Structures are given as structure tokens and as C-alpha cells.
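Report on the structure given below.
Quick caveat, the model's predicted, so the values are computed rather than measured. All residue numbers in this chain count up from 1 along the given sequence. Atoms considered below: every heavy atom in the structure, side chains included; atoms not considered: hydrogens, waters and symmetry mates.
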Amino acid sequence: MKRYFITGLLIWVPLVITGWVLSLIVSTLDQSLRLLPATIHPQNLFGFTIPGVGALLTLAMILLTGLLAANFIGQKLVVWWDKLLSRIPVVNSVYKSVKQVSDTLFAPNGNAFRKALLVQYPRHGSWTIAFQTGQPGGDLVNHLEGEYVSVYVPTTPNPTSGFFLMMAAKDVIELDMTVDEALKYIISMGVVAPPPHPRVITNT
């Protein structure tokens with residue numbers, strides 16, 4: 001009975017958690033329906049709620065915004081909008097900080113979170129997985145001797161919290177592992193190991 005119960009859990013737990021996460025995402029995106037007049041909400045038009053309509057509306061708004069911002073007039077509007085927000089106290093600091101992080105993370109040519117690394121943390125001889133986020137800049141480079149990289153060490157099982165470190169490039173090992181594989185390994189606390197990547201040995 002114990003073996004059957006555990007087998008059932010292994011089947012249902014991932015399904016329930018996946019359904020819960022998707023439901024949370026869809027219900028959050030559905031809040032965009034509040035931007036529309038109540039008379040054209042699906043509940044008022046058809047007499048019942050249609051889950052996901054707001055999510056589709058949100059995706060359409062994002063695509064439309066990107067399309068408009070890609071042309072000359074749209075770029076001018078984005079610059080004007082940035083200048084407007086930069087003049088508002090409190091909003092200025094929050095908006096700039098979030099924009100810098102999002103620009104770094106989502107830039108097509110950026111290096112943030114593109115590499116999974118093996119680093120020694122929190123002490124020598126203890127290893128964990130980290131993600132390269134860039135390189136130290138500003139006055140920091142005047143106080144760091146040699147080549148350094150900026151890394152993010154996530155906590156487990158919640159990788160959205162973690163620690164920002166600057167480590168010598170010689171002390172980090174780049175892993176032959178995708179970011180998705182590394183995240184799965186971290187979230188599962190080492191239970192879901194990534195597939196092996198055989199080393200290619202070349203004769204010299």
C-alpha cells in the first residue's frame with residue numbers, strides 16, 4: 001500500500017502544482033479585463049466567465065506595444081515617457097531600477113543568466129550552482145585585482161531569492177549545462193539531475 005500511495009503522489013503532485021501555477025498566472029493576467037468597459041466583459045456578453053480571455057488580451061497588448069515602440073514615432077514616445085517618469089519623485093528611482101534590470105535580463109545580446117557556473121560557496125570546498133550576470137563595473141574595478149565576474153547564487157527550492165557575489169574568473173567553472181537544466185537541479189534540491197554531457201577529448 002505504501003508503494004502504491006507514493007506512486008500515486010509522484011503522478012498527482014506535479015499535475016496539481018502545474019495546474020495551480022498555470023491557474024495563478026492566468027488569473028493574474030485576466031486582471032487586464034478591468035481596462036475594458038464592463039459591458040463588453042465575457043460574463044456580461046455571454047452570461048458566463050471565460051478563463052484566459054484576459055491573458056490573451058495581455059499578450060496582445062504586449063505585442064502591440066512592442067510593435068509600436070519598434071518604429072520611429074514609438075521610440076520617440078518611449079523616450080518622452082521615460083523623461084516624464086524620471087521627474088516624478090519615488091517613481092523615478094523605482095522605475096529606473098526595474099528598467100535597468102529588465103533591459104539587462106531581456107536584451108537579446110546580453111549575457112545575464114546565459115551561463116551556469118560551478119562556484120565554491122559559502123566556504124572553500126563547498127560547491128553550488130550560480131549564474132553569471134555580468135562583470136563588475138564603476139569604481140569596483142579600481143579595487144578588484146585581476147579579472148572578476150558577477151554571479152547570482154540562488155537559494156533552493158526558491159531560486160528567486162539568493163546572493164549577489166563578485167568572484168575571480170579563475171575561481172568559477174563554466175558548466176556544459178543549460179540554464180533550464182540548472183534551475184531544475186536547484187529547485188529539486190539536487191533530486192532531478194541534468195542529463196550527462198560527455199566530454200569531447202581531442203588528441204593533440
Side-chain angles (χ1 to χ4, degrees), residues 21-46 49-117 130-144 147-155 158-167 169 172 174 178-183 186-187:
V21 171
L22 291 178
S23 176
L24 180 62
I25 293 174
V26 171
S27 61
T28 301
L29 295 179
D30 275 345
Q31 300 303 313
S32 61
L33 285 175
R34 296 182 178 180
L35 300 174
L36 301 178
T39 54
I40 62 174
H41 286 190
Q43 187 173 1
N44 295 326
L45 289 177
F46 307 107
T49 303
I50 304 178
V53 174
L56 294 176
L57 176 62
T58 302
L59 294 177
M61 290 172 56
I62 294 174
L63 290 174
L64 181 61
T65 303
L67 180 63
L68 294 176
N71 58 47
F72 178 77
I73 298 177
Q75 291 175 356
K76 292 292 184 181
L77 290 174
V78 171
V79 172
W80 174 82
W81 179 254
D82 287 344
K83 290 182 178 179
L84 175 64
L85 293 179
S86 65
R87 297 178 181 177
I88 304 176
V90 182
V91 174
N92 172 27
S93 57
V94 175
Y95 177 76
K96 280 189 173 180
S97 300
V98 174
K99 191 174 189 303
Q100 288 176 350
V101 172
S102 61
D103 288 347
T104 302
L105 291 178
F106 298 114
N109 56 348
N111 293 320
F113 290 90
R114 298 293 193 272
K115 295 180 181 179
L117 307 175
F131 300 101
Q132 183 172 341
T133 59
Q135 293 180 325
D139 186 47
L140 294 172
V141 297
N142 299 324
H143 304 280
L144 300 174
E147 184 180 357
Y148 276 72
V149 293
S150 301
V151 302
Y152 173 71
V153 180
T155 56
N158 177 20
T160 59
S161 64
F163 304 92
F164 165 65
L165 304 172
M166 286 167 281
M167 309 185 73
V172 305
E174 184 175 344
T178 66
V179 172
D180 288 340
E181 291 173 343
L183 281 174
I186 294 168
I187 294 173

(message) Test side chain to side chain contact (heavy atoms under 4.5 Å, CB included) on L63 and L67; report intermediate values, then the result.
(response) CA-CA 6 Å; L63 290 174; L67 180 63; over 6 Å; no
Nearest non-hydrogen partners of [X] and [Y], listed with the distance:
X    : Y    : result
Q135 : Y148 : CG-O, 3.9 Å
P136 : V141 : O-CG1, 3.4 Å
D139 : N142 : OD1-ND2, 2.8 Å
T65  : M61  : OG1-O, 2.7 Å
Q132 : L117 : CB-CD1, 3.8 Å
Y152 : P159 : OH-O, 2.9 Å

(message) Between S150 and T133 (side chain of the first, backbone of the second, donor and acceptor by atom type, cut-off under 3.5 Å), is there such a pair?
(response)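 No: the side chain of S150 does not pair with the backbone of T133.
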Side-chain heavy atoms of [X] within contact of [Y], under 4.5 Å:
X    : Y    : value
V151 : F163 : no
T28  : I25  : no
L77  : W81  : no

(request) Working to the nearest 0.5 Å, report the span between CE of M166 and CG of L144. (result)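 Spacing of CE (M166) from CG (L144) equals 6.0 Å.
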(request) Give, for atom CG of N92 and atom CG of D82, the distance between the pair rounded to the nearest 0.5 Å. (result)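 If we round to the nearest 0.5 Å, N92:CG and D82:CG are 10.5 Å apart.
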